[in-house]
Amino acid sequence: MRLDPATYQVPTLDLARNLLGCVLVHETPEGRTAGIIVETEAYLHNDPACHAYRRQTPRNAPMFGPPGMIYVYQIYGQYHCVNIASGAEGIGEAVLIRALQPTEGLDLMALRREVGIRRVKAVFGKPHVEKILPPTQLCNGPASLVTAMGIHKDLNFQMMQNGPLSVDSPESLDFEVVCTTRIGIKHGADLPYRFYVNGNRFVSRR
DNA sequence: GTCAGGATTATG
DNA sequence: ATAATCCTGACC
């Protein structure tokens, strides 16, 4: 069942924490994929690592939308990451989804990932070699999970409260949360805005 | 118009 | 450790 809309109406750091254990679901013509959110990062309006730190621009506009708005952006020319806008409308904040524990559509996820890998290999000009991705490597990074879930830029500005991409209520809350510094950023690297499920094997950078 | 750089990933 | 890759935002 989809999260109650009120769930998104909390401070961004709280949302990042509360999203752990919830289930990200994407319904597409190819099939349904889903996974438990096991790692997130918060990006606040007064945080130098935040895309919305300076001003509102065409790219970061979804971050200024109402809580629950989807923000998909491209990074390093070839990857995409998905965020959920948070905080009051007009304030640019969001939660980055960094890793999932896959629960549904693992075959479809593997297929989507394989196509992505094949594309990378083609760029390198090397022959394609069949690669078998274990479940732990299907969604263990922000760009990996976006590929596995079939998330595209066309979800930008859409809402988690309705539409094909959604977050469902947790099936279990029987886990401990670890809070540490974020990954892959230069500015604000010392801020403890990363949250993950303690001991979970599906978290990135294990 | 120009240009440096990035919330990553796969490979060596 | 490093290349791949291109869009975005800053600046002139």
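Letters A, B, ... mirror the listed sequences (proteins, then strands); counts begin at 1. Small disclaimer: the values here were computed from a predicted structure and weren't measured.
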task: Could you please name the partner base of dA7(B), counting Watson-Crick and G-U wobble pairs only when both distances are under 3.5 Å?
output: none
message: Please classify the nucleic acid contact of A49(A) as base, sugar-phosphate, or nothing, using heavy-atom distances under 4.0 Å.
response: base
message: Can you give me the closest heavy-atom contact between P67(A) and M159(A), atom names plus distance?
response: O-CE, 3.6 Å
task: Please work out if I185(A) contacts a base, only the sugar-phosphate, or nothing of the nucleic acid, heavy-atom cut-off 4.0 Å.
output: sugar-phosphate
query: H51(A) NE2 to dT8(B) C1': how many Å, rounded?
result: 12 Å
- request: Verify the cluster assignment for I75(A) and Y71(A): are they in a single hydrophobic cluster under the rule of side-chain heavy atoms below 4.5 Å apart?
  value: yes
statement: Side-chain atoms of K186(A) come closest, of dG9(C), dG6(B), dA7(B), to dG6(B)
Candidate nucleotides dT9(B), dC7(C), dG6(B), ranked by approach to the side chain of Q74(A) - the nearest: dC7(C)
- request: Could you say whether Y76(A) or K153(A) is positioned toward the 5' end of DNA chain C, judged by the nucleotide with the nearest heavy atom to each?
  value: Y76(A)
- prompt: Between dT8(C) atom P and N60(A) atom CG, what is the distance in whole Å?
  reply: 11 Å
message: Taking 4.0 Å as the cut-off, does a side-chain nitrogen or oxygen of R113(A) come that near to OP1 or OP2 on dT9(B)?
response: no
message: Within the 3.5 Å criterion, strictly below it, is a donor on E39(A) or S204(A) matched to an acceptor on the partner's side chain?
response: yes
query: How is E41(A) classified with respect to the nucleic acid when contacts are heavy atoms under 4.0 Å: base, sugar-phosphate, or nothing?
result: nothing
- request: Quickly work out the R54(A) CZ to dA7(B) C1' distance and round it to whole Å.
  value: 16 Å
query: To the nearest angstrom, how far is R59(A) atom CZ from dA7(B) atom C1'?
result: 9 Å
message: Less than 6.0 angstrom separating the ring centers of H51(A) and Y73(A), yes or no?
response: yes
task: Could you tell me the separation between the OG1 atom of T33(A) and the CG atom of L111(A), rounded to the nearest 0.5 Å?
output: 11.5 Å
statement: In whole angstroms, the gap separating P of dC6(C) from OH of Y73(A) amounts to 17 Å
- request: Starting from P on dT8(C), measure out to CZ on R55(A) and report it in whole angstrom.
  value: 16 Å
Protein-nucleotide distance (H80(A), atom NE2; dT8(B), atom P), rounded to Å: 14 Å
- prompt: Are any of R194(A)'s side-chain N or O atoms less than 4.0 Å away from OP1 or OP2 of dA7(B)?
  reply: no
message: Can you measure N140(A) atom CG to dT9(B) atom P for me and round it to whole angstrom units?
response: 7 Å
task: Indicate whether OP1 or OP2 belonging to dT9(B) is found under 4.0 Å from a side-chain N or O atom of S144(A).
output: yes
message: Of the options dG9(C), dA7(B), dA4(C), whose atoms approach the side-chain atoms of M63(A) most closely?
response: dA7(B)
